[in-house]
Amino acid sequence: MDEQNDICKEEVFSAFYKIHVKSLRNYLIYKYKNHEQAEDILQETFIKLWQNCNKVSIDKAKSYIYTLATNSSLNVISHNKVVLEYAKKNSNQDRTNESPEHLLEQKEFKTKLLKAINNINETQRIAFLMHRIDGKNMQKLLKN
């Protein structure tokens, strides 16, 4: 009997699964700290073992599933880091915490302010702008 293909037999694969599923699940839960992700990787690992059963001997199958599970967990962790970095970089670009009403009020206020600034004489306008921009004292500016 070819030992290489034993794992491809449904009863051998089923027995192998029953023996190793609990310890692999615990290993993945320890790695992930997340039951759902652990279950996903667990299923993917045994699916890949079944798909590659003719390439894996029964003697190497245990190390094969742990290697697959470890690599998959590292891939998921790496992907999550990329997602978090992207979210950090783009978190403030698309969203604002201000309501549309507030933004409209700001725009209207800015329009009124610019109109009022344009309606005062040049000395007052310069004094006002220097006060707003440079923090200068308006009383002293107007006296000069």
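Just so we're clear, the structure is a prediction, and the values are computed from it rather than from any experiment.
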Q: Between NZ of K48 and OG1 of T67, what distance do you get to the nearest 0.5 Å?
A: 12.0 Å
Q: Hey, what's the ring geometry for H20 with F16, parallel, tilted or perpendicular (30° and 60° as the breaks)?
A: tilted
Q: Which distance, rounded to the nearest 0.5 Å, do you find between the NZ of K60 and the CG of L49?
A: 14.5 Å
Q: Quick one: closest heavy-atom pair of I65 and F46, and the distance?
A: CD1-CZ, 4.0 Å
Q: Quick one: OG1 on T70 to CG on L24, what's the gap to the nearest 0.5 Å?
A: 8.5 Å
Q: For S73 and Y27, does a side-chain donor sit closer than 3.5 Å to a side-chain acceptor?
A: no
Q: Given the rule that I, L, V, M, F, W and Y join up when any side-chain heavy atoms are under 4.5 Å apart, are V76 and I29 in one cluster?
A: no
Q: Would you give me the side-chain donor-acceptor pairs under 3.5 Å for residues 109-118, sequence neighbours excluded?
A:
residue: T111; atom: OG1; partner: K107; partner atom: O; Å: 2.9
residue: N118; atom: ND2; partner: L114; partner atom: O; Å: 3.1

Q: Can you list every salt bridge (charged side-chain N to carboxylate O under 4.0 Å, His left out) pair that touches residues 24-45, not counting sequence neighbours?
A: R25-E39
Q: Do side-chain atoms of T45 reach the backbone of I41 as a donor and acceptor pair under 3.5 angstrom?
A: yes
Q: List in chain and number order the residues that pass ring pair (Phe, Tyr, Trp, His ring centres under 6.0 Å) with Y32, two or more places apart in sequence or in another chain; answer none if no residue qualifies.
A: none
Q: When rounded to the nearest 0.5 angstrom, what is the spacing between OH in Y64 and CG in N52?
A: 3.5 Å
Q: For the atom pair OG (S72) and CG (L42), what is the distance rounded to the nearest 0.5 Å?
A: 11.0 Å
Q: Is it true that Y17 and W50 fall in one hydrophobic cluster, defined by side-chain heavy atoms closer than 4.5 Å?
A: yes
Q: How long is the straight-line distance from OH of Y66 back to CG of L28, given to the nearest 0.5 Å?
A: 8.0 Å
Q: Kindly give the heavy-atom pair with the smallest separation between V56 and A61, and that separation in Å.
A: CG1-CA, 3.7 Å
Q: Heavy-atom distance under 4.5 Å between the side chains of K81 and E85, does that happen here?
A: no
